[in-house]
2 protein chains.
Amino acid sequence: MQRSDTPVYLQVRDQLWQWIQKNQLGSQERLPAERELAKHFNTTRVTIRQALGQLEAEGRIFRSNRRGWYITPRRLTYDPSLDIGFYNNVTEQGLTPGTETLSKFLIEVPDWLTEISGLAEGSSIYYVLRRRSIDHRCVVVEHNYINPKSCPGLLDQDTDLSIWQLLREKYNLVPGQRNIEIFPQALTGDEADALGVNSGSAGLYMQRLTLDKSGVFLEYDREYWLHDALKVIVQVNEK
Amino acid sequence: MQRSDTPVYLQVRDQLWQWIQKNQLGSQERLPAERELAKHFNTTRVTIRQALGQLEAEGRIFRSNRRGWYITPRRLTYDPSLDIGFYNNVTEQGLTPGTETLSKFLIEVPDWLTEISGLAEGSSIYYVLRRRSIDHRCVVVEHNYINPKSCPGLLDQDTDLSIWQLLREKYNLVPGQRNIEIFPQALTGDEADALGVNSGSAGLYMQRLTLDKSGVFLEYDREYWLHDALKVIVQVNEK
DNA sequence: AAGTGGTCTAGACCACGTG
DNA sequence: ACGTGGTCTAGACCACTTT
């Protein structure tokens, strides 16, 4: 095993991936235990875990806390400029969506949001915290801040469904301009806990500021995604 | 150190970050050696490296191969829908850009690109491979594929500058529609080597397909970024 | 030559998930 | 109760960078 000059853990990574493909492990199927792999590859758990970490970073496998390692499902294709909603987006791609509302409140506008939203200091805003899953795997935590003036009574609705569908159908609101911000960021603290992953797991952060057709602040949201769960596509035209 | 129930490496992470802030370590400044940190925190290098790995995942520090750990510079804000070019984009944000052309050729269109580009099988295309840096830190590897029919002789120009500026100024070409795809992906193999990072380092993959104003294929590129080097912003309007 | 991070060993105990 | 991954120890040698 140690004859070439590539590190053992990269050799293990490649052989393990070959093994996975040969045995045709499919989405969400479980890998052998780390100790078994260590015995099979005649090395220690530390090195095995380094190899597993590589495959994890590449998005090929993921871990479920103290349960084991599993094959990563294919990425969801996600167009943040559209409003087809999570449920439709996921089902259209042949996957099973799930949404849980973890909390929803009418809160005072946080300081950092007053400037962004243009809402007056001390005024109120709807806050909805949701966790969403694909094929029973939690993939994203979403913080929504919605202008209550545009949609009074929103929180009495079922927020496990698409908020944008509610806004469109019950309140006749349609999004206009959107400012989107995306960057890789590790999941830590509350977000890591909510998704059941370890602190430091790779993630993708996305935030959207949405105004309605007349330029009034409508919604602001922050989404914390597992790094391997999605592919973002956007279509733009030159300004 | 071990009295609470949070793991040691997370405690070390937090204390180390506090120490960094107290000592006001700035962009690209070096941290103490791992062995020193291990002694100071009265633990082993393994645990120290776990703590450093957390800060790395969070984008706060980065490693330079066998040289040490350094403070991450702030992220570049990058709008892929614009064409201000890397050089301008970076300098406008008070940073120092650098570009190296690693190779440039007229090649046969790869199979996977024929369908995307609409170019005939067996026809030719310009290929440019570049590596770019911010404040002397390599942050992205870029593969460009450009339609030679639109810009004959392009490769005789200096490709260390903005290709889009060349296209605009010398060939009078302006981008029209753009299809962009973005997702987190570990850097491995050639890309990791080119950026001088370890295989499995967190990265962001971005590809763009650009047509000109009349809908003709103009350019396709694949960019492999360090995960902590950029923040993508896009502005879209509802369709 | 000395110092650095990169890799690897051979264990150990713990917390948690599953039966 | 048992098996799992999560954490941690106390070393070792190597490859590379810097002095």
Side-chain angles (χ1 to χ4, degrees), chain A residues 1-14 16 28-57 61-71 136-138 187-188 192-193 195-201, chain B residues 1-14 16 28-57 61-71 136-138 187-188 192-193 195-201:
Chain A
M1 178 69 91
Q2 68 280 28
R3 61 183 70 115
S4 101
D5 60 347
T6 56
V8 178
Y9 71 90
L10 290 182
Q11 299 179 38
V12 171
R13 174 197 64 179
D14 296 336
L16 187 51
Q28 310 237 36
E29 280 197 84
R30 194 171 168 284
L31 271 63
E34 292 178 2
R35 287 169 177 82
E36 274 182 59
L37 292 172
K39 198 183 296 175
H40 178 263
F41 286 102
N42 195 30
T43 182
T44 60
R45 263 184 76 206
V46 177
T47 302
I48 290 296
R49 282 171 67 79
Q50 231 174 328
L52 292 167
Q54 286 280 319
L55 292 172
E56 181 187 34
I61 64 176
F62 69 95
R63 59 181 100 190
S64 180
N65 203 337
R66 283 171 225 274
R67 294 201 313 127
W69 295 86
Y70 300 82
I71 304 295
H136 305 289
R137 179 187 180 215
C138 296
L187 302 166
T188 58
D193 292 343
L195 293 176
V197 297
N198 289 342
S199 175
S201 297
Chain B
M1 177 69 90
Q2 67 278 28
R3 62 183 70 115
S4 100
D5 60 348
T6 55
V8 177
Y9 71 90
L10 290 182
Q11 298 179 40
V12 172
R13 173 196 66 178
D14 296 336
L16 186 50
Q28 311 239 34
E29 280 197 84
R30 194 172 167 283
L31 270 62
E34 293 177 1
R35 287 168 176 83
E36 272 182 61
L37 292 171
K39 197 183 296 175
H40 178 263
F41 285 104
N42 195 32
T43 181
T44 61
R45 263 184 78 207
V46 177
T47 302
I48 289 295
R49 282 171 66 79
Q50 230 174 328
L52 291 167
Q54 286 280 319
L55 292 172
E56 182 187 35
I61 64 176
F62 70 95
R63 59 180 99 190
S64 181
N65 204 335
R66 283 172 224 274
R67 294 200 314 125
W69 296 85
Y70 299 83
I71 303 296
H136 306 289
R137 179 187 179 213
C138 296
L187 302 167
T188 60
D193 291 344
L195 294 177
V197 298
N198 290 341
S199 175
S201 296

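Remember, predicted model here, so these are calculated numbers, not experimental data. Letters A, B, ... are given to chains in the order of the sequence lines, protein chains preceding strands, and every chain is numbered from 1.
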- Item | Value in whole Å for how far the C1' atom of dG11(C) lies from NZ of Lys39(A) | 15 Å
- Grab the CZ-P distance between Arg13(A) and dT7(C) for me, whole Å please. 11 Å
- Query: Is any side-chain heavy atom of Trp69(A) less than 4.5 Å from a side-chain heavy atom of Glu56(A)?
  - Reply: yes
- Query: What is the nucleic acid contact for Thr43(A), judged by heavy atoms within less than 4.0 Å: base, sugar-phosphate only, or nothing?
  - Reply: sugar-phosphate
- Looking only at side-chain N and O atoms, does Tyr9(B) come under 4.0 Å of OP1 or OP2 in dC8(D)? no
- Are the side chain of Gln54(A) and the backbone N or O of Ser199(B) linked by a donor-acceptor pair below 3.5 Å? yes
- Between Leu10(B) and Ala33(A), which is nearer to the 5' end of DNA chain D once each is assigned its nearest nucleotide? Ala33(A)
- Message: Return whichever of Leu31(B) or Asn42(A) has its heavy-atom-nearest nucleotide of DNA chain C closer to the 5' end.
- Response: Leu31(B)
- Item | Interatomic distance, Asn198(B) CG vs dG5(C) P [rounded to whole Å] | 13 Å
- Message: When you measure from the side chain of Arg137(A) to the backbone of Ser64(A), do you find a donor-acceptor pair of N or O atoms at a distance under 3.5 Å?
- Response: no
- Please state how far atom CZ in Arg63(B) lies from atom P in dT17(D), giving the value in whole angstrom units. 15 Å
- Message: Tell me the interatomic distance from Tyr70(B), atom OH, to dT4(C), atom P, rounded to whole angstroms.
- Response: 11 Å
- How long is the line joining CD1 of Ile48(B) and P of dG11(D), in whole Å? 16 Å
- Item | Validation row: Asn198(B), Arg63(B) side chains within 4.5 angstrom (heavy atoms) | yes
- Could you check whether Thr47(A) gets within reach of a base, just the sugar-phosphate, or nothing at all, counting any heavy atom under 4.0 Å? sugar-phosphate
- Starting at atom CD of Gln50(A), determine the distance to atom P of dG5(D), rounded to an integer number of angstrom. 17 Å
- Message: Please classify the nucleic acid contact of Arg49(B) as base, sugar-phosphate, or nothing, using heavy-atom distances under 4.0 Å.
- Response: base
- Item | Under the salt bridge (charged side-chain N to carboxylate O under 4.0 Å, His left out) test, residues paired with Arg66(B) that sit two or more places apart | none
- Okay, side chain of Arg49(B), backbone of Glu34(B): is any donor-acceptor separation there less than 3.5 Å? no
- Query: Choosing from dC8(C), dT4(C), dT4(D), which nucleotide comes nearest the side chain of Val8(A)?
  - Reply: dC8(C)
- Which pair of non-hydrogen atoms, one from Thr44(A) and one from Ala38(A), has the smallest distance, and what is that distance? C-CB, 4.0 Å
- Task: Could you state the atom-to-atom distance from CZ of Arg30(B) to P of dT17(D) in whole Å?
- Result: 14 Å
- Message: One character per nucleotide, please: for nucleotides 12-19 of chain C, 5' to 3', B when the base has a protein heavy atom closer than 4.0 Å, S when only the sugar-phosphate does, - otherwise.
- Response: BB-BSSS-
- Task: When you get a sec, tell me which of dT7(C), dT9(D), dG6(C) is the closest nucleotide to the side chain of Trp69(B)?
- Result: dG6(C)
